[in-house]
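To start, the structure itself, in structure tokens.
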Amino acid sequence: MTTAAPWSLTTDAPLHSLNTFHVAARAPRLLSVRDVAALPEALAAVAPSPLLVLGSGSNVLLAADPEGTVLCFDNREITILEHRADHAVVRAGAGVVWHELVMWSLAEGLSGLENLALIPGTVGAAPIQNIGAYGAQVGEFIQSVEAWDTLHAQWVQLDQAACRFGYRDSLFKHEPDRYLITAVQLRLPLLHELRLDYAGIREELQAMGVELPVAADVANAVIAIRRRKLPDPDVLGNAGSFFKNPMLPREQAELLSRQHPALPVFPGDEEGNRKLSAAWMIQACGWKGRREGDAGVSPDHALVLVNHGNASGAELLALARRISASVLETFGVPIEPEPRLVGARW
């Protein structure tokens with residue numbers, strides 16, 4: 001029986017299948033690591049090359065070909081480390097597909113991740129963005145993150161507090177090249193209060209004929225909503241929501257709300273903040289469904305930039321900048337991208 005190599009290296013590697021925008025970028029080197037214990041050895045083989053970590057590339061815009069080495073993790077194990085009366089601690093490798101982890105956890109009778117169903121990407125990318133949807137964020141369930149600290153060349157395990165999770169934010173976004181996330185440990189409850197009061201979940205459950213929902217029902221409702229509202233990246237290249245909903249001081253948000261009564265305003269991440277709907281403002285500026293060459297905005301959701309075929313990352317970024325400038329001119333509100341930009345600055 002032949003044992004698979006712990007890591008492999010490919011030169012001049014196409015990245016079309018490693019980013020959900022399906023931008024035709026290429027990497028000088030592609031390093032794929034299956035056994036993370038061999039990560040230091042693999043990194044030594046490509047040193048001192050700059051590194052870009054890609055999962056499925058669902059939160060990245062390749063505005064240019066990356067320099068150096070692209071690193072992908074192929075460790076896809078999910079294990080239960082603890083099983084208590086009210087919760088379990090689950091460890092998932094960085095290469096696990098996020099949605100597969102969500103569905104696995106529900107099949108195991110665990111809850112917490114149901115509102116995060118069908119988010120594209122891998123487990124290793126989830127803490128970086130602190131992925132969130134329908135009233136939940138992954139950071140609240142993360143117990144710790146395992147990573148290789150490139151600054152000190154050592155393994156580290158960062159607890160929830162050390163990860164500094166915020167709205168679409170974390171320590172890993174502020175030090176993007178330091179920590180190579182290899183696994184995530186999540187503390188998942190067996191039962192918890194379901195979050196149903198966001199973006200039509202109750203209405204979807206009602207349409208499904210579900211009167212007393214459990215976590216799996218919420219996941220199915222979220223899946224149905226996402227499939228209606230968001231294009232499938234396998235069919236139409238995209239990275240999901242491209243812009244973050246802006247946070248404003250309450251007084252400024254209330255002033256905008258009086259000026260634009262239809263503008264949706266939500267509670268912010270702090271008592272004095274309010275979150276505004278970037279999608280509403282983008283649509284109000286006339287961008288929903290617009291297309292410039294093969295770069296465009298989804299006709300179904302104004303937050304989603306799409307690649308209709310052969311758009312370059314630079315063309316998608318140029319469109320995003322025009323949209324942002326339009327919103328700023330109309331509403332006086334700056335909006336910023338969610339995906340990491342490679343080869344460009346915002």
Legend entry - Candidate pair E270 and R250, rule side-chain contact (heavy atoms from CB on, under 4.5 Å), full reasoning: CA-CA 10 Å; E270 298 177 2; R250 183 181 61 190; over 6 Å; no
Legend entry - V102 backbone acceptor or donor facing S105 side chain under 3.5 Å: yes
Side-chain atoms of residues 333-340: list all donor-acceptor pairs with protein atoms under 3.5 Å, sequence neighbours left out, distances to 0.1 Å.
unit_1 : atom_1 : unit_2 : atom_2 : d
E338   : OE1    : Q129   : NE2    : 3.1
R340   : NH2    : D177   : OD1    : 3.2

Legend entry - Residues, nucleotides or ligands: over 12 heavy atoms within 6.0 Å of E193 CD: no
Inset, instruction - For atom CD of E271, decide whether the heavy atoms of other residues, nucleotides or ligands shown that lie under 6.0 angstrom number more than 12. - result: no
Inset, instruction - Before giving the answer on side chain to side chain donor-acceptor pair (under 3.5 Å), spell out for Q283 and H301 the whole-Å C-alpha distance, their side-chain angles and the decisive distance to 0.1 Å. - result: CA-CA 9 Å; Q283 183 170 342; H301 201 306; over 6 Å; no
Legend entry - Cationic N near anionic O, under 4.0 Å, E251 to R274: no
Inset, instruction - Flag yes if L255 and V265 sit in one hydrophobic cluster, no otherwise; membership is Ile, Leu, Val, Met, Phe, Trp, Tyr, and two members link when side-chain heavy atoms are under 4.5 Å apart. - result: no
Legend entry - Spacing of F172 atom CZ and L180 atom CG [to the nearest 0.5 Å]: 11.0 Å
Inset, instruction - Evaluate side chain to side chain donor-acceptor pair (under 3.5 Å) for Q137 paired with N130, printing each intermediate quantity in order. - result: CA-CA 6 Å; Q137 297 183 94; N130 187 18; 3.2 Å; yes
Inset, instruction - Report yes or no: does D149 contribute a side-chain atom to a donor-acceptor pair with the main-chain N or O of Q154 at less than 3.5 Å? - result: no
Inset, instruction - Could you tell me whether the side chain of N19 and the main chain of L15 form a donor-acceptor pair under 3.5 Å? - result: yes
Inset, instruction - First locate atom CD of Q185, then atom CG of D159, and finally report the distance between them rounded to the nearest 0.5 Å. - result: 11.0 Å
Inset, instruction - Report yes if the side chains of V33 and C72 come closer than 4.5 Å at any heavy-atom pair, otherwise no. - result: no
Inset, instruction - Could you tell me the separation between the CD1 atom of I80 and the CZ atom of R91, rounded to the nearest 0.5 Å? - result: 14.0 Å
Legend entry - Side-chain donor or acceptor of K288 paired with backbone N/O of W280 under 3.5 Å: no
Legend entry - Salt bridge flag under 4.0 Å for residues R195 and D197: no
Legend entry - Backbone of A320 reached by a side-chain donor or acceptor of S324 within 3.5 Å: no
Inset, instruction - May I ask you to test the I131-W98 pair for a side-chain heavy-atom distance under 4.5 Å? - result: yes
Legend entry - Distance-minimising heavy-atom pair for P127 and V184: CG-CG2, 3.7 Å
Legend entry - L196 reachable from Y198 in the ILVMFWY side-chain graph, under 4.5 Å edges: yes
Inset, instruction - Could you tell me which non-hydrogen atom of P213 sits nearest to which non-hydrogen atom of L194, and how far apart they are? - result: O-CD1, 3.3 Å
Inset, instruction - Of all the heavy-atom pairs spanning A63 and A344, show the shortest one and how long it is. - result: CB-CB, 3.8 Å
Legend entry - Worked check of side-chain contact (heavy atoms from CB on, under 4.5 Å) between V90 and L81: CA-CA 6 Å; V90 173; L81 301 181; over 6 Å; no
Inset, instruction - Examine W104 and L113 and state if one hydrophobic cluster contains both, with Ile, Leu, Val, Met, Phe, Trp and Tyr joined whenever side-chain heavy atoms are less than 4.5 Å apart. - result: yes
Legend entry - Nearest non-hydrogen partners of A216 and L106, listed with the distance: N-CD2, 4.1 Å
Legend entry - Joint cluster assignment, L317 & V304, ILVMFWY side-chain distance < 4.5 Å: no
Inset, instruction - Consider only side-chain heavy atoms of I, L, V, M, F, W and Y, link residues closer than 4.5 Å, and tell whether L151 and V145 are in one cluster. - result: no
Inset, instruction - Side-chain contact test, heavy atoms from C-beta onward, threshold under 4.5 Å: evaluate it for I323 versus F243 and give yes or no. - result: yes
Inset, instruction - Apply the test side chain to side chain donor-acceptor pair (under 3.5 Å) to residues S170 and R164: give CA-CA distance (whole Å), side-chain angles for both, the deciding distance (0.1 Å), then the verdict. - result: CA-CA 5 Å; S170 71; R164 300 196 337 236; over 6 Å; no
Legend entry - L186 side chain reached by L101 side chain, heavy atoms, under 4.5 Å: yes
Inset, instruction - Would you check if the side chain of D65 reaches a backbone N or O of R26 as a donor-acceptor pair within less than 3.5 Å? - result: yes
Legend entry - R84/E82 salt bridge by N-O under 4.0 Å criterion: yes
Legend entry - Interatomic distance, W148 atom CH2 to W155 atom CH2 [nearest 0.5 angstrom]: 6.5 Å
Inset, instruction - Output yes when a side-chain donor or acceptor of Q252 lies under 3.5 Å from a complementary backbone atom of P249, and no otherwise. - result: no
Inset, instruction - Determine whether the side chains of R29 and T10 contain a donor N or O and an acceptor N or O closer than 3.5 Å. - result: no
Legend entry - Over 12 non-hydrogen atoms of neighbours within 6.0 angstrom of CD in Q206: no
Inset, instruction - Would you indicate whether the side-chain heavy atoms of V138 and L116 approach each other to under 4.5 Å? - result: yes
Legend entry - More than 12 heavy atoms of other groups within 6.0 Å of L191 CG: no
Legend entry - Interatomic spacing from CG in D232 to CG in N238 - rounded to 0.5 Å: 8.0 Å
Legend entry - Pair W7-V36, side-chain contact (heavy atoms from CB on, under 4.5 Å): steps then yes or no: CA-CA 9 Å; W7 57 274; V36 296; over 6 Å; no
Legend entry - Flag for E292-H308: side-chain donor and acceptor within less than 3.5 Å: no
Inset, instruction - Would you confirm whether H99, through its side chain, and L118, through its main-chain N or O, come within 3.5 Å as a donor-acceptor pair? - result: yes
Inset, instruction - Taking the side chain as every heavy atom from C-beta outward, state whether T20 and V60 have any atom pair closer than 4.5 Å. - result: no
Inset, instruction - Tell me yes or no: between the side chains of H174 and D169, is some donor less than 3.5 Å from an acceptor? - result: yes
Legend entry - Note, L190 side chain near D86 side chain (heavy atom, < 4.5 Å): no
Inset, instruction - Taking the side chain as every heavy atom from C-beta outward, state whether L31 and V70 have any pair of such atoms under 4.5 Å apart. - result: no
Inset, instruction - Please answer whether the main-chain N or O of G293 pairs with a side-chain N or O of R291 as donor and acceptor at a distance below 3.5 Å. - result: yes
Legend entry - Between T182 and E146: side-chain donor-acceptor atoms closer than 3.5 Å: no
Legend entry - Approximate separation, where rounding is to 0.5 Å, of E114 CD and L188 CG: 9.5 Å
Legend entry - Working for side-chain contact (heavy atoms from CB on, under 4.5 Å), residues L52 and L71: CA-CA 6 Å; L52 170 66; L71 170 62; over 6 Å; no
Legend entry - Shortest non-hydrogen contact between P6 and A38, atoms and distance: CB-CB, 3.7 Å
Legend entry - Where A278 and K244 come nearest, the two heavy atoms and their spacing: CB-O, 3.7 Å
Legend entry - Flag, side chain of S111 to backbone of P189, donor-acceptor distance under 3.5 Å: yes
